[in-house]
Amino acid sequence: MYNKLPRSFYERDPLIVSMELLGKLLVRKKKKGEVVGKIVETEAYIGPHDKASHAYGNKMTKRTLVQFGERGHTYIFKIYGIHHCFCVVVGPRYTPAVTLIRSVEPVKGVKLMKKNRGLNNNVSIIRLTNGPSKVCQAFEITKELNGIDLCGEDIFICEGAKFTFEVGKSKRIGIDYAEEYKDVLWRFYIKNNKFVSKKQKE
DNA sequence: CGACCGATCCTC
DNA sequence: AGGATCGGTCGT
């Protein structure tokens with residue numbers, strides 16, 4: 001019933017993949033239910049040269065190891081001791097690069113998303129999944145899923161309904177330390193979509 | 001082993 | 001504008 005993206009989808013130019021992930025569906029399966037969201041905002045982190053990347057200079061550590069592995073696997077890390085971020089390993093094998101999933105538009109399982117986020121069922125859905133850590137909370141994505149295959153069953157990405165949209169591009173968020181890479185337009189979002197996390201200058 | 005700090009988010 | 005909060009990473 002779901003048309004999962006094949007591994008070959010991820011094994012292409014990281015910027016192309018990051019852009020083309022817009023509009024695709026992120027699906028998370030749990031025994032208690034299914035949560036689905038349309039991807040509306042992504043960012044690319046392209047390892048070896050990108051000073052914003054954890055794998056800058058081909059830095060290979062316990063944390064970054066999965067970035068050097070199979071394309072289409074997850075790269076999940078914790079930040080500020082509190083929040084999780086969810087990325088997909090992308091690009092040509094086996095150079096480190098990821099797409100960060102920054103925001104999704106809730107499609108299915110809204111009630112469960114709210115519960116996972118600890119929110120009252122009658123709150124607005126507009127701020128439910130508009131940010132990388134919110135997506136992780138709503139979709140129950142934790143470090144236990146780090147390095148697993150998105151071509152598997154627990155969590156995967158598939159084709160969404162066909163619709164047209166314009167792709168917006170901007171600087172990435174929260175990486176002011178990245179010197180000449182802080183201004184590259186490697187953030188992609190669906191223009192005029194209400195579920196994109198925040199405005200950012202181009 | 002200690003120190004530093006962050007691809008965030010919420011509250012003030 | 002500031003604080004929460006902790007694991008990865010690196011230097012000693």
Side-chain angles (χ1 to χ4, degrees), chain A residues 10 14-15 17-19 21-22 26 37 39-69 71 73-91 95-106 113-120 123-147 150 155 157 168-189 194-202:
Chain A
Y10 303 105
L15 296 178
V17 176
S18 299
M19 222 177 309
L21 277 173
L22 296 175
L26 175 64
I39 297 170
V40 299
E41 181 184 350
T42 63
E43 280 177 1
Y45 289 85
I46 307 177
H49 307 293
D50 178 5
K51 287 181 177 169
S53 167
H54 295 159
Y56 170 63
N58 279 316
K59 186 164 82 173
M60 196 188 293
T61 64
K62 192 178 169 190
R63 178 171 66 155
T64 65
L65 193 60
V66 295
Q67 290 205 31
F68 295 83
R71 315 293 99 177
H73 282 218
T74 63
Y75 174 60
I76 298 162
F77 60 94
K78 211 173 182 186
I79 186 106
Y80 297 107
I82 311 169
H83 302 295
H84 288 278
C85 290
F86 167 59
C87 304
V88 187
V89 179
V90 299
T95 174
V98 299
T99 298
L100 169 67
I101 307 300
R102 282 197 57 89
S103 299
V104 307
E105 173 180 336
M113 287 187 202
K114 288 178 178 173
K115 186 171 171 234
N116 289 341
R117 291 220 50 222
L119 299 173
N120 195 307
V123 300
S124 159
I125 64 169
I126 211 82
R127 290 173 196 83
L128 194 54
T129 50
N130 62 336
S133 159
K134 295 179 182 181
V135 171
C136 288
Q137 248 195 328
F139 281 68
E140 294 185 69
I141 296 171
T142 64
K143 285 206 60 186
E144 289 162 31
L145 297 180
N146 185 39
L150 277 169
I155 181 168
I157 300 176
K169 300 177 188 181
S170 84
K171 299 176 185 179
R172 295 171 293 176
I173 290 169
I175 51 140
D176 286 344
Y177 56 86
E179 299 176 13
E180 72 270 28
Y181 279 88
K182 77 180 170 64
D183 293 329
V184 296
L185 305 181
W186 289 357
R187 172 172 176 256
F188 306 99
Y189 56 94
K194 295 187 178 70
F195 299 88
V196 170
S197 68
K198 60 171 101 169
K199 302 245 191 265
Q200 181 90 337
K201 276 213 163 169
E202 296 221 345

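Because the structure is predicted, anything quoted here is derived from the model rather than measured.
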* Structure fact -> note: Glu41(A), atom CD; dT8(B), atom C1'; distance rounded to Å ~ 13 Å

* Asked: Does the side chain of Thr42(A) reach to within under 4.5 Å of the side chain of Leu22(A), using non-hydrogen atoms?
  -> yes

* Are Lys51(A) and Glu179(A) close enough for a salt bridge, meaning some N to O gap below 4.0 Å? -> yes

* To do: Extract, from 5' to 3' on DNA chain C, the first and final nucleotides lying under 4.0 angstrom from some heavy atom of chain A.
  => dA4(C) to dC10(C)

* OP1 or OP2 of dA7(B) under 4.0 Å from side-chain N/O of His54(A) -> yes

* State which residues pass side-chain contact (heavy atoms from CB on, under 4.5 Å) with Asn58(A); sequence neighbours excluded, sorted by chain then number. => Pro48(A), Phe68(A), Pro96(A)

Protein N or O to nucleotides 9-12 of chain B N or O, pairs below 3.5 Å:
{"unit_1": "dC9(B)", "atom_1": "OP1", "unit_2": "Pro132(A)", "atom_2": "N", "d": "3.3"}
{"unit_1": "dC9(B)", "atom_1": "OP1", "unit_2": "Ser133(A)", "atom_2": "N", "d": "2.9"}
{"unit_1": "dC9(B)", "atom_1": "OP1", "unit_2": "Lys134(A)", "atom_2": "N", "d": "3.2"}
{"unit_1": "dC9(B)", "atom_1": "O4'", "unit_2": "His83(A)", "atom_2": "NE2", "d": "3.2"}
{"unit_1": "dC10(B)", "atom_1": "OP1", "unit_2": "Arg117(A)", "atom_2": "NH2", "d": "2.6"}

* Asked: Paired stems touching DNA chain C, three or more consecutive Watson-Crick or G-U pairs with both distances under 3.5 Å?
  -> B:1-6 with C:6-11, B:8-11 with C:1-4

* Structure fact -> Sorted by chain and number, sequence neighbours left out, side-chain contact (heavy atoms from CB on, under 4.5 Å) with Pro14(A) holds for Ile46(A), Val90(A), Pro92(A), Ala97(A)

* Take Ile79(A) and Lys62(A), find for each the nucleotide of DNA chain C with the closest heavy atom, and name the residue whose nucleotide sits nearer the 5' end. => Ile79(A)

* Counting only side-chain N and O atoms of Tyr177(A), is one of them less than 4.0 Å from OP1 or OP2 of dA7(B)? -> yes

* Asked: Any donor and acceptor pair, going by atom type alone, linking the side chain of Glu41(A) with main-chain N or O of Ser197(A) inside 3.5 Å?
  -> yes

* Cationic tip of Arg172(A) within the cone over Tyr181(A)'s six-membered ring, i.e. under 6.0 Å and within 45° of the normal? -> no

* Asked: In chain order, what residues pass the side-chain contact (heavy atoms from CB on, under 4.5 Å) check against Ala138(A), with sequence neighbours excluded?
  -> Met113(A), Arg117(A), Thr129(A)

